[in-house]
Amino acid sequence: MALAASRSGQQARPARQAGANGPTQQSLKSAQTRAKLIEATIRCIVKVGYANTTTPQVAAEAGLSRGAMLHHFENGAALIKAAIVELHEKRLRAFRRAADTENHDTGALVRTYWKQLQKPGFVAFHELALAARTNSDLARILQPLQVEFRERFNAQAVMLFPEWQGRPREFYIAMALSQTMLEGLAIHLLTGAMSEEMVEPILLLLEGQLREMNPSIEAARAA
């Protein structure tokens with residue numbers, strides 16, 4: 001049973017609010033348990049796929065009882081939503097770390113994003129995106145979060161890459177080209193549709209195309 005379609009009659013009890021002087025020991029423990037369950041959900045999706053991931057399986061992966069899990073997430077839909085949010089946050093943090101430098105080397109940025117796509121988080125998200133195509137419950141959760149993520153990602157990119165100011169159209173095309181080419185390449189490798197030896201030539205091709213789209217960046221670096 002897919003997570004987004006699972007239901008439970010047991011309602012999650014709200015976590016106790018932190019005190020005025022900061023988080024309590026109980027609230028910290030609750031946050032840790034929630035994080036453990038979210039990471040367990042992502043691992044299960046990577047291991048067995050979205051369609052085969054169930055709430056009892058997630059609880060077992062996290063080393064918790066199903067009752068303990070339902071204390072924090074009332075059903076599978078709430079759990080999968082939290083997992084998608086965490087996958088988005090991981091991606092935003094990684095992007096911020098890679099781009100938050102004074103010297104934006106095109107090759108280094110391409111390679112950094114490519115490394116991110118080799119991690120389990122990308123496999124999990126790709127699995128969710130495919131499942132949402134035919135699962136209306138999952139689609140209702142995923143699609144609004146995707147819109148929110150795209151808006152946050154674009155706003156962060158504009159802030160982190162001031163050298164593209166004055167060229168907004170080219171910038172958004174460059175971002176879309178990078179994401180589409182690299183994520184497509186990762187999927188082809190994942191499914192066996194492309195050999196490993198093709199990775200390097202494609203990365204070099206992308207780097208060259210991005211430099212051509214804004215030659216002033218490389219000229220400034222060389223100066």
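Quantities reported herein were computed from a predicted structural model and do not represent experimental measurements.
- If you take CE on Met181 and OH on Tyr113, they are separated by 13.0 Å, rounding to the nearest 0.5 Å.
- Under a 3.5 Å cut-off, the side chain of Gln116 and the backbone N or O of Thr112 do not form any donor-acceptor pair.
- From Lys36, atom NZ reaches atom CE of Met69 across 14.0 Å, with rounding to the nearest 0.5 Å.
- Note on Leu205 and Leu203: separate hydrophobic clusters, where clusters join Ile, Leu, Val, Met, Phe, Trp and Tyr whose side-chain heavy atoms are under 4.5 Å apart, directly or indirectly.
- Ion pairing between Arg34 and Glu86 fails under the 4.0 Å rule for side-chain N and carboxylate O.
- Taking both residues in full, the closest heavy atoms of Met213 and Glu170 are given as CE-O, 3.4 Å, listed atom of the first, atom of the second, then distance.
- Arg167 places none of its side-chain heavy atoms less than 4.5 Å from the side chain of Tyr172.
- Residues Leu160 and Arg96 share a closest heavy-atom pair of CD1-CA, 3.9 Å.
- Leu109 and Leu204 fall into different hydrophobic clusters, where Ile, Leu, Val, Met, Phe, Trp and Tyr side chains are chained together by heavy-atom contacts under 4.5 Å.
- Hydrophobic clustering (ILVMFWY, side-chain heavy atoms < 4.5 Å, transitive): Leu189 and Leu130 are in distinct clusters.
- Val158 is not listed as a side-chain neighbour of Trp164, based on a closest heavy-atom distance of 4.5 Å or more.
- Under the 4.5 Å side-chain criterion, counting only non-hydrogen atoms from C-beta, Thr41 is not in contact with Glu61.
- Within a 6.0 Å sphere centred on CD of Gln25, other residues, nucleotides and ligands contribute 12 heavy atoms or fewer.
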Exercise. Please walk me through it: do Arg152 and Glu89 pass side chain to side chain contact (heavy atoms under 4.5 Å, CB included)?
Worked result: CA-CA 10 Å; Arg152 292 180 61 195; Glu89 292 299 328; 2.6 Å; yes
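- Residues Glu207 and Leu210 have side chains not in contact (no heavy-atom distance under 4.5 Å, counting atoms from C-beta outward).
- Counting heavy atoms from C-beta outward, Phe122 and Ile187 have side chains that approach closer than 4.5 Å.
- In plain terms, the two heavy atoms of Leu190 and His126 that are nearest each other are CD2-CD2, 4.0 Å.
- The closest side-chain donor-acceptor pair between Thr33 and Ser30, if any, does not fall under 3.5 angstrom.
- A heavy-atom distance below 4.5 Å is not found between the side chains of Ile45 and Val123.
- Ala132 and Ala139 make their closest contact through O-CB, 3.5 Å (heavy atoms, listed as atom of the first residue, atom of the second, distance).
- At a threshold of 4.5 Å between side-chain heavy atoms, the hydrophobic network of Ile, Leu, Val, Met, Phe, Trp and Tyr places Val48 and Leu87 in two separate groups.
- Nearest approach of Ala174 to Ser178, heavy atoms of both residues: O-OG, 2.8 Å.
- With rounding to the nearest 0.5 Å, the separation of CZ in Arg43 from CD1 in Ile38 is 12.0 Å.
- Atom-to-atom distance recorded for Leu185:CG and Thr180:OG1 is 12.0 Å, nearest 0.5 angstrom.
- Taking CD of Glu74 as the reference point, atom NE2 of His71 lies at 13.0 Å (rounded to 0.5 Å).
- A distance-only check finds a donor-acceptor pair linking the side chain of Ser27 to the backbone of Thr24 [under 3.5 Å].
- Counting heavy atoms from C-beta on, the side chains of Asn135 and Tyr50 come closer than 4.5 Å.
- A cation-pi geometry, defined here as NZ or CZ lying under 6.0 Å from the six-membered ring centre and within 45° of its normal, holds between Arg91 and Phe153.
- With respect to Glu39 and Lys90, a salt bridge is recorded, a charged nitrogen being found less than 4.0 Å from a carboxylate O.
- Every residue two or more places apart in sequence or in another chain that forms a side-chain contact (heavy atoms from CB on, under 4.5 Å) with Leu145 is listed here: Lys81, Ile84, Val85, His88, Ile141, Glu148.
- Proximity of Phe125 to Leu117: side-chain heavy atoms (C-beta onward) are nowhere separated by under 4.5 Å.
- Shown here for Phe73 and Ala82, the closest heavy-atom pair between the two residues is CE2-CB, 3.6 Å.
- Here Thr55 contributes atom OG1 and Leu70 contributes atom CG; the two are 6.5 Å apart, rounded to the nearest 0.5 Å.
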For this session: Walk me through it: do Leu128 and Ile80 pass the test side chain to side chain contact (heavy atoms under 4.5 Å, CB included)?
Result: CA-CA 9 Å; Leu128 289 167; Ile80 201 65; 3.8 Å; yes
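- By the 4.0 Å N-to-carboxylate-O rule, Glu127 lies too far from Lys47 to be salt-bridged with it.
- With a 6.0 Å radius and a threshold of 12 heavy atoms from other residues, nucleotides or ligands, Arg93 has its CZ atom above the threshold.
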